[in-house]
Every structure is written in C-alpha cells, then in structure tokens.
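Heads up: the structure comes next, in structure tokens.
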Amino acid sequence: MPIDQITTLLKKCDTPDTNFPPTDLYNEGWMLRLVLDWLSAHPGLNHELAFTATDKWYAEALLPSAFQARYKGDILAEARTHADSVIGDFVIGAKQKGDLSLTQNAARIIVTEAKMFSKLSPGTRNAGYFNQAARNVACIAELIHRARISPDKFNAIGFYVLAPAAQIQDGVFAQHMSPGIILDVVKQRVSEFQDPDKDKWLTDWFMPTLQRILIREIAWEEMINLITEHDQPFGTRINAFYQKCLEYNRPPDSKHP
C-alpha cells in the first residue's frame with residue numbers, strides 16, 4: 001500500500017505546492033478523530049467524552065432510523081444517518097457494511113457531531129424540519145430499541161456537538177439542542193405516520209432515552225485544554241492542527257478572528 005506517498009501528499013497540503021485543498025486534511029472530521037484517538041489511549045478522565053477501558057470508537061458509522069421505508073417510494077421515509085463518531089459498546093457491520101448495532105450488554109452509547117463553521121442540518125428530504133440533533137437522538141433511541149436494553153440500564157447515553165467556542169457562544173446550535181425542542185420535533189415526525197407502532201416507540205423508547213441522555217455543545221478549545229493538561233506535547237500539536245482548521249475553514253465574512 002502506498003501509505004508513504006499519501007503521507008507525503010498530506011504534508012504538502014499546507015504549502016504552495018499542494019495538489020489538493022488543505023481542507024481535505026484540516027477539517028472537523030480529522031480534528032475529531034485526533035481527539036478521540038487520544039482520549040481512547042487515556043481512559044478514565046473526568047469529562048463527558050472520557051473513555052472507559054473497554055470503549056470503542058468509530059467514525060462515519062451508519063445509525064438505524066425508526067422511520068425507514070415501509071414500501072418502495074415511501075414519501076415519509078429516511079435513510080440511515082451518518083454519525084461523525086460513536087463511542088461505547090457496539091459492533092460495526094453485523095448486518096450491513098458500515099452499520100452500527102449495540103452489543104448484547106451495552107452500557108454506553110455516545111454520538112458526536114463535529115463542526116467548524118457549518119450549522120446543524122435543518123432537516124431531511126422528506127421531513128424538512130427533522131434537524132440533525134433530533135435525528136441523531138432519535139437514532140440513538142432506535143439503537144437502544146433494537147438492542148432491547150432499557151435506557152435506564154445504561155451508564156452513559158450522550159449526544160454532543162463539538163465546535164469552535166465562538167460558534168457555541170454565538171448560539172449557532174442552541175435552537176436545536178434543547179431536549180424540549182427535540183421532543184417536539186420527534187413527536188411531529190411520529191405523528192405523520194399515524195401508526196400505533198410509532199406511537200408506542202415514542203412512548204416506550206424515545207421518551208425514556210431522552211430522559212437519560214446528556215446533550216450539550218463542547219468547544220474544541222475545551223478538549224484541547226483537557227488534552228494539554230495531561231499531555232503537553234500532544235496538546236501543543238493538536239492546537240496547531242486546530243488553528244489550521246480554523247484558518248482554512250473560516251468563511252471570508254466571519255466576524256471572528
């Protein structure tokens with residue numbers, strides 16, 4: 001495999017001789033993977049994203065939907081959701097390539113979305129109001145439903161959005177992150193189906209999951225400070241990487257330096 005060649009190309013992407021956009025490397029996806037890789041090697045920290053010794057993580061997992069197609073051409077349906085990352089007790093590809101399912105005795109499931117200057121997506125093709133936060137929380141509930149594990153048996157259920165502190169302070173994500181708003185959105189989604197099974201899923205699985213889940217925005221700067229506190233050399237390197245992410249992803253009209 002030409003791994004060395006790939007490394008050489010990546011090293012050039014921050015130079016005038018680059019062969020592709022620097023954002024192919026300096027982006028929220030790679031920032032997230034670097035953070036999670038470090039956290040996985042340092043379990044037991046005092047933080048919502050801290051790993052246990054047995055946690056796994058996986059980027060770009062496919063999460064199941066409670067609103068999958070009932071028949072070909074179903075105008076209410078949606079496909080599986082791509083999660084930027086998942087942490088916890090799960091397996092990948094048990095049924096389909098890339099799909100995620102919980103292990104038999106799962107006790108932890110945390111889903112994250114990573115952002116630089118983009119917002120949470122407002123909806124899906126067949127449900128323009130079904131925003132990214134509500135969709136991810138609904139997928140977590142569906143994962144738990146399919147595993148047939150009561151939400152109150154979990155040690156940790158979480159949905160976190162990682163983003164620049166300035167974006168969080170500007171309230172870019174706040175309108176979608178409230179549990180009350182998420183509940184209203186999912187209730188609307190369920191009501192469109194007029195299906196007693198969907199109503200039961202809402203009552204028996206989604207609402208108990210929502211009661212147990214932790215939902216919050218986490219600044220990249222917070223994670224960098226946590227890493228630096230325990231590993232100064234890597235903290236310095238990941239901060240330098242983060243500054244490049246900000247430089248190459250910041251919109252031209254951004255009001256933040």
Side-chain angles (χ1 to χ4, degrees), residues 10-11 13-14 21-52 55 57-61 82-88 108-121 131-133 136-137 140 156-179 181-182 213-257:
L10 289 173
K11 287 180 178 179
C13 78
D14 186 34
T23 49
D24 282 3
L25 173 62
Y26 296 109
N27 58 54
E28 62 270 23
W30 278 111
M31 183 69 188
L32 179 62
R33 293 167 190 178
L34 290 169
V35 167
L36 295 183
D37 188 59
W38 187 90
L39 289 172
S40 69
H42 299 79
L45 300 179
N46 182 26
H47 193 274
E48 290 96 329
L49 274 182
F51 279 58
T52 68
D55 275 342
W57 71 271
Y58 193 87
E60 301 297 330
H82 281 84
D84 284 345
S85 79
V86 181
I87 303 163
R108 288 170 50 82
I109 177 66
I110 296 167
V111 174
T112 74
E113 280 295 323
K115 303 292 183 183
M116 284 298 164
F117 293 97
S118 61
K119 300 179 180 181
L120 293 171
S121 63
N131 66 73
Q132 199 169 18
N136 272 282
V137 175
I140 293 170
I157 305 173
F159 173 65
Y160 305 121
V161 174
L162 288 95
Q167 294 289 90
I168 294 173
Q169 292 162 6
D170 283 351
V172 170
F173 314 104
Q175 64 175 327
H176 295 319
M177 298 290 285
S178 161
I181 291 175
I182 289 172
I213 196 170
L214 292 178
I215 301 171
R216 87 168 177 99
E217 302 144 287
I218 299 175
W220 290 120
E221 290 84 351
E222 177 182 328
M223 299 311 304
I224 292 169
N225 289 340
L226 176 70
I227 291 170
T228 302
E229 178 183 347
H230 296 275
D231 185 349
Q232 176 73 47
F234 187 72
T236 299
R237 294 198 299 273
I238 197 169
N239 184 57
F241 184 89
Y242 176 58
Q243 296 307 316
K244 291 294 183 182
C245 290
L246 295 178
E247 175 185 347
Y248 287 118
N249 288 275
R250 182 179 287 111
D253 58 349
S254 173
K255 64 181 178 181
H256 295 291

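Here Ile157 contributes atom CD1 and Ile140 contributes atom CD1; the two are 8.0 Å apart, rounded to the nearest 0.5 Å. For the atom pair CZ (Phe159) and CD1 (Ile213), the distance works out to 8.0 Å, reported to the nearest 0.5 Å. With rounding to the nearest 0.5 angstrom, the CG atom of Leu10 is 8.0 Å from the CH2 atom of Trp30. Rounding to the nearest 0.5 angstrom, the gap separating the CG atom in Leu49 from the CG atom in Leu36 is 7.0 Å. Here the CZ-CG distance, from Arg237 to Asp231, works out to 7.0 Å after rounding to the nearest 0.5 Å.
Panel note: side chain Asn239, backbone Thr236; no donor-acceptor pair is recorded below 3.5 Å. A donor-acceptor distance shorter than 3.5 angstrom exists from the side chain of Asn27 to the backbone of Gly29, with no hydrogens or angles considered.
Counting only heavy atoms from C-beta outward, the side chains of Met177 and Leu120 approach each other to under 4.5 Å. The closest side-chain heavy-atom distance from Trp57 to Asp37 is below 4.5 Å. Taking the side chain as every heavy atom from C-beta outward, Tyr242 and Met116 approach each other to under 4.5 Å. Taking 4.5 Å as the limit, every side-chain heavy atom of Asp24 sits out of range of all side-chain heavy atoms of Cys13. Within the 4.5 Å cutoff, no side-chain heavy atoms of Met31 are placed close to those of Met223. Under the 4.5 Å side-chain criterion, counting only non-hydrogen atoms from C-beta, Tyr26 is not in contact with Leu246. In this structure the side chain of Leu162 reaches within 4.5 angstrom of the side chain of Leu32, judged on heavy atoms. Within the 4.5 Å cutoff, no side-chain heavy atoms of Phe117 are placed close to those of Val172.
Among residues two or more places apart in sequence or in another chain, the salt bridge (Lys or Arg N to Asp or Glu O under 4.0 Å) test is passed with Asp14 by Lys244. The side-chain hydrogen bond (donor to acceptor under 3.5 Å, both in side chains) test applied to Glu60 returns no partner, not counting sequence neighbours. Partners of Tyr58 by side chain to side chain contact (heavy atoms under 4.5 Å, CB included), not counting sequence neighbours, listed by chain and number: Ala61, Phe90, Ile92. Under the salt bridge (Lys or Arg N to Asp or Glu O under 4.0 Å) criterion, Asp84 pairs with no residue at all, not counting sequence neighbours.
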Candidate pair His47 and Leu39, rule side-chain contact (heavy atoms from CB on, under 4.5 Å), full reasoning: CA-CA 10 Å; His47 193 274; Leu39 289 172; over 6 Å; no
Verdict with supporting geometry, Thr52 and Asp55, side-chain hydrogen bond (donor to acceptor under 3.5 Å, both in side chains): CA-CA 5 Å; Thr52 68; Asp55 275 342; 3.3 Å; yes
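Classification of the Phe234-Trp38 ring pair by plane angle, with boundaries at 30° and 60°, yields parallel.
Across His42 and Leu45, no two heavy atoms sit closer than the pair O-CG, 3.4 Å. Nearest approach of Phe241 to Leu25, heavy atoms of both residues: CZ-O, 3.3 Å. Closest heavy-atom contact between Val86 and Ala83: CG2-CB, 3.8 Å. Nearest approach of Lys119 to Phe173, heavy atoms of both residues: CA-CE2, 4.1 Å. Contact between Val35 and Trp220 at its shortest, heavy atoms only, is CG2-CZ3, 4.1 Å. The heavy-atom pair separating Ala133 from Ile182 by the smallest distance is CB-CD1, 4.4 Å.
Among residues at least two apart or in separate chains, side chain to side chain donor-acceptor pair (under 3.5 Å) pairs with a member in residues 109-118 are Ser85-Thr112, Glu113-Gln132, Lys115-Gln132. Identified under the salt bridge (Lys or Arg N to Asp or Glu O under 4.0 Å) test for residues 213-226, with sequence neighbours left out: Glu48-Arg216, Arg216-Glu222.
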